[in-house]
Amino acid sequence: MYTRVVPEQCIACGLCQLKAPELFEYDEEGVAYVKIDNNHGTTPIPAALMAKFKDAYTSCPTGAILRSAHPFTSTATDAPKH
Ligand code: SF4
């Protein structure tokens, strides 16, 4: 399973990082991104973190967290701004 955050849909609520701190981090504006692959969605979620991921995924109030059985391929400008 792969995941990425759509920053335009993130309201910086903090839930995903609370549920799965190993997977989610925030940029300086408080917008979440997937830290295991800098929000590219190309690194598989470690099996040991899947329960935490599902918790975060179902907790996101805006549906900003995407998931896919395949790596994401878009190179859109949704990587965090550092
Ligand atoms: S749970 Fe959703 S809205 Fe909240 S910080 Fe994470 S991605 Fe953003």
Side-chain angles (χ1 to χ4, degrees):
M1 188 68 70
Y2 300 84
T3 183
R4 73 192 309 184
V5 173
V6 180
E8 293 81 7
Q9 295 181 20
C10 174
I11 58 171
C13 75
L15 273 177
C16 58
Q17 208 268 343
L18 193 68
K19 300 287 188 180
E22 298 89 347
L23 292 174
F24 297 99
E25 190 55 86
Y26 304 115
D27 69 14
E28 67 266 22
E29 295 173 350
V31 175
Y33 65 94
V34 178
K35 69 180 188 181
I36 58 174
D37 58 11
N38 209 29
N39 210 45
H40 291 300
T42 53
T43 299
I45 300 167
L49 296 178
M50 276 306 295
K52 287 187 174 182
F53 167 73
K54 287 177 181 172
D55 201 6
Y57 177 82
T58 56
S59 297
C60 179
T62 66
I65 300 173
L66 305 182
R67 66 176 180 178
S68 173
H70 305 287
F72 290 88
T73 55
S74 169
T75 55
T77 56
D78 54 2
K81 307 175 201 74
H82 290 298

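Counting starts at 1 for both ligands and their atoms, following the listed order. Computed from heavy atoms alone, side chains included, the values below leave out hydrogens, waters and symmetry copies. Note that the coordinates shown come from a computational prediction; the quantities given were computed from them, not determined experimentally.
Atom 8 (Fe) of ligand 1 has as its closest protein heavy atom Cys10 SG, 2.3 Å. Shortest contact from atom 4 (Fe) of ligand 1 to any protein heavy atom: Cys13 SG, 2.3 Å.
Listed by number with element, the atoms of ligand 1 under 4.0 Å from a non-hydrogen atom of Ile65 are 7 (S). Of all atoms in ligand 1, listed by their number and element, those nearer than 4.0 Å to a heavy atom of Gly14 are 4 (Fe), 5 (S). Under a 4.0 Å criterion applied to the non-hydrogen atoms of Thr62, ligand 1 contributes the atoms 3 (S).
Of all the heavy atoms of Ile11, the ones lying under 4.0 Å from any atom of ligand 1 are found in both the backbone and the side chain. The residue Val31 has no part lying near ligand 1, judged by heavy-atom distances below 4.0 Å.
Taken from CD1 in Ile45 to NZ in Lys54, the straight-line distance is 9.5 Å, to the nearest 0.5 Å.
In terms of heavy atoms, Phe72 sits closest to Thr42 at O-CG2, 3.4 Å. The minimum heavy-atom distance linking Ser68 with Met1 is given by the pair O-SD, 3.2 Å. Across Asn38 and Tyr33, no two heavy atoms sit closer than the pair OD1-CE1, 4.0 Å. Considering all non-hydrogen atoms of both residues, Pro61 and Leu15 come closest at CD-CD1, 4.4 Å.
A cation-pi contact links Arg67 to Tyr57, judged by a cut-off of 6.0 Å to the six-membered ring centre and 45° from its axis.
Among the atoms of Cys16, an N, O or S atom falls under 2.8 Å of atom 6 (Fe) of ligand 1. For residue Cys60, no N/O/S atom approaches atom 8 (Fe) of ligand 1 to within less than 2.8 Å.
The side-chain contact (heavy atoms from CB on, under 4.5 Å) test with Leu23 is passed by exactly one of Ile65, Asp37, Leu49: Leu49.
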